[in-house]
Amino acid sequence: GSRFGCRIQYITEDRPLGTMGALSKLPEVLEHRDILLFNADLLSDIDLEAFFIEHENSKSSLTVASIPHKVNIPYAILEQSEGRIENFSEKPTYTYWANAGFYLFKSSLLKLIPEHTFYDATDFMDAVLEQDYSVGSFPIHGYWNDVGSISDYQKAQEDILSLRL
């Protein structure tokens with residue numbers, strides 16, 4: 001990073017510690033700072049500046065980027081009460097917001113991460129919610145691909161060329 005004017009410190013794991021567990025090995029983090037963490041196997045055009053601004057404006061302790069995931073139901077879905085059909089939806093599409101693997105959070109939350117323990121992002125989010133901290137969501141409406149499979153990797157290779165990512 002020095003050729004770009006950045007100072008980079010590397011942390012190594014003796015054994016896998018999960019998405020958040022490795023953060024327990026940070027030598028020091030400046031107080032009152034925000035930490036951006038994201039999975040390395042993602043390809044996205046997320047607007048990090050807008051993500052940070054939304055995090056700041058919402059005053060959330062943790063903001064999680066999210067992506068829409070549509071589920072098409074090929075049947076009529078019945079709404080029932082006490083064995084009687086009250087309504088139905090013909091072949092509905094439901095949109096759920098899924099974790100996109102980008103996290104912005106206050107450095108004070110690092111105290112929730114146990115040392116030298118496997119600790120995933122979902123463990124961290126559970127702990128943040130259990131402690132009643134505010135958690136916000138930042139929707140990604142642009143490109144997002146989890147490059148976790150061969151087919152997704154191949155798609156990412158094509159997308160990089162055509163989408164100018």
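- Interatomic distance, CG of L62 versus CG of L37, reported as 10.5 Å (0.5 Å rounding).
- No chain of hydrophobic side-chain contacts below 4.5 Å, direct or via other Ile, Leu, Val, Met, Phe, Trp or Tyr residues, connects I53 to I46.
- Residues Y103 and A121 share a closest heavy-atom pair of OH-CB, 3.1 Å.
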Going through the distances and angles, do I35 and R33 end up as a side-chain contact (heavy atoms from CB on, under 4.5 Å)? CA-CA 7 Å; I35 296 172; R33 295 288 181 155; 5.7 Å; no
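- The stretch residues 79-89 participates, sequence neighbours left out, in no salt bridge (Lys or Arg N to Asp or Glu O under 4.0 Å) pair at all.
- For D152, the side-chain hydrogen bond (donor to acceptor under 3.5 Å, both in side chains) criterion is met by S149, not counting sequence neighbours.
- Summarising the local packing, CZ of F38 is surrounded by 12 or fewer heavy atoms from other residues, nucleotides or ligands at distances under 6.0 Å.
- One finds the CZ atom of F138 at 9.5 Å from the CG atom of L104 (value rounded to the nearest 0.5 Å).
- Scanning for side-chain hydrogen bond (donor to acceptor under 3.5 Å, both in side chains) contacts around K91 gives an empty result, with sequence neighbours left out.
- No chain of hydrophobic side-chain contacts below 4.5 Å, direct or via other Ile, Leu, Val, Met, Phe, Trp or Tyr residues, connects L36 to I11.
- Contact annotation: the side chain of T19 never approaches that of F124 to less than 4.5 Å [non-hydrogen atoms, C-beta and beyond].
- S2 pairs by the side-chain hydrogen bond (donor to acceptor under 3.5 Å, both in side chains) definition with nothing, not counting sequence neighbours.
- Taking the side chain to side chain contact (heavy atoms under 4.5 Å, CB included) definition, one finds that L17 meets it with E13, R15, K25, sequence neighbours left out.
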N/O donor to acceptor pairs below 3.5 angstrom from side-chain atoms of residues 125-134, sequence neighbours left out:
unit_1, atom_1, unit_2, atom_2, d
Y133, OH, K111, NZ, 3.2
S134, OG, K59, O, 3.4
S134, OG, S61, N, 3.2

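- Counting only distance, with no hydrogens or angles, the side chain of S24 and the backbone of I113 share no donor-acceptor pair below 3.5 Å.
- Here the straight-line distance linking atom OH of Y153 with atom CD1 of I150 works out to 8.5 Å at 0.5 Å rounding.
- Both L26 and L112 belong to a common hydrophobic cluster when Ile, Leu, Val, Met, Phe, Trp and Tyr are linked at side-chain heavy-atom distances under 4.5 angstrom.
- Scanning for side chain to side chain contact (heavy atoms under 4.5 Å, CB included) contacts around P139 gives S66, W97, H141, with sequence neighbours left out.
- Both L48 and F52 are assigned to one and the same hydrophobic cluster, defined by single-linkage of ILVMFWY side chains at heavy-atom distances under 4.5 Å.
- Among the candidates T63, I67, I140, V64, the single residue satisfying the side-chain contact (heavy atoms from CB on, under 4.5 Å) test with F102 is I140.
- Separating the OH atom in Y143 from the CG atom in L43 is a distance of 4.5 Å, to the nearest 0.5 Å.
- Among residues at least two apart or in separate chains, there is no salt bridge (Lys or Arg N to Asp or Glu O under 4.0 Å) pair with a member in residues 114-125.
- Here the straight-line distance linking atom CD of E158 with atom NZ of K155 works out to 7.5 Å at 0.5 Å rounding.
- Both I77 and Y96 are part of a single hydrophobic cluster, where members link through side-chain heavy atoms under 4.5 Å apart.
- Within the hydrophobic cluster formed by Ile, Leu, Val, Met, Phe, Trp and Tyr side chains joined at under 4.5 Å, directly or through other members, I85 is accompanied by L78, F88.
- Residues near F4 contribute nothing to a hydrophobic cluster around it, because no ILVMFWY side-chain heavy atom sits closer than 4.5 Å to its side chain.
- Every pair passing salt bridge (Lys or Arg N to Asp or Glu O under 4.0 Å) that includes a residue from residues 47-56 is listed here, sequence neighbours excluded: E56-K106.
- Every residue was checked against the side-chain hydrogen bond (donor to acceptor under 3.5 Å, both in side chains) condition with D41, not counting sequence neighbours, and none meets it.
- Rounding to the nearest 0.5 Å gives a distance of 11.5 Å between CG of L23 and OG of S107.
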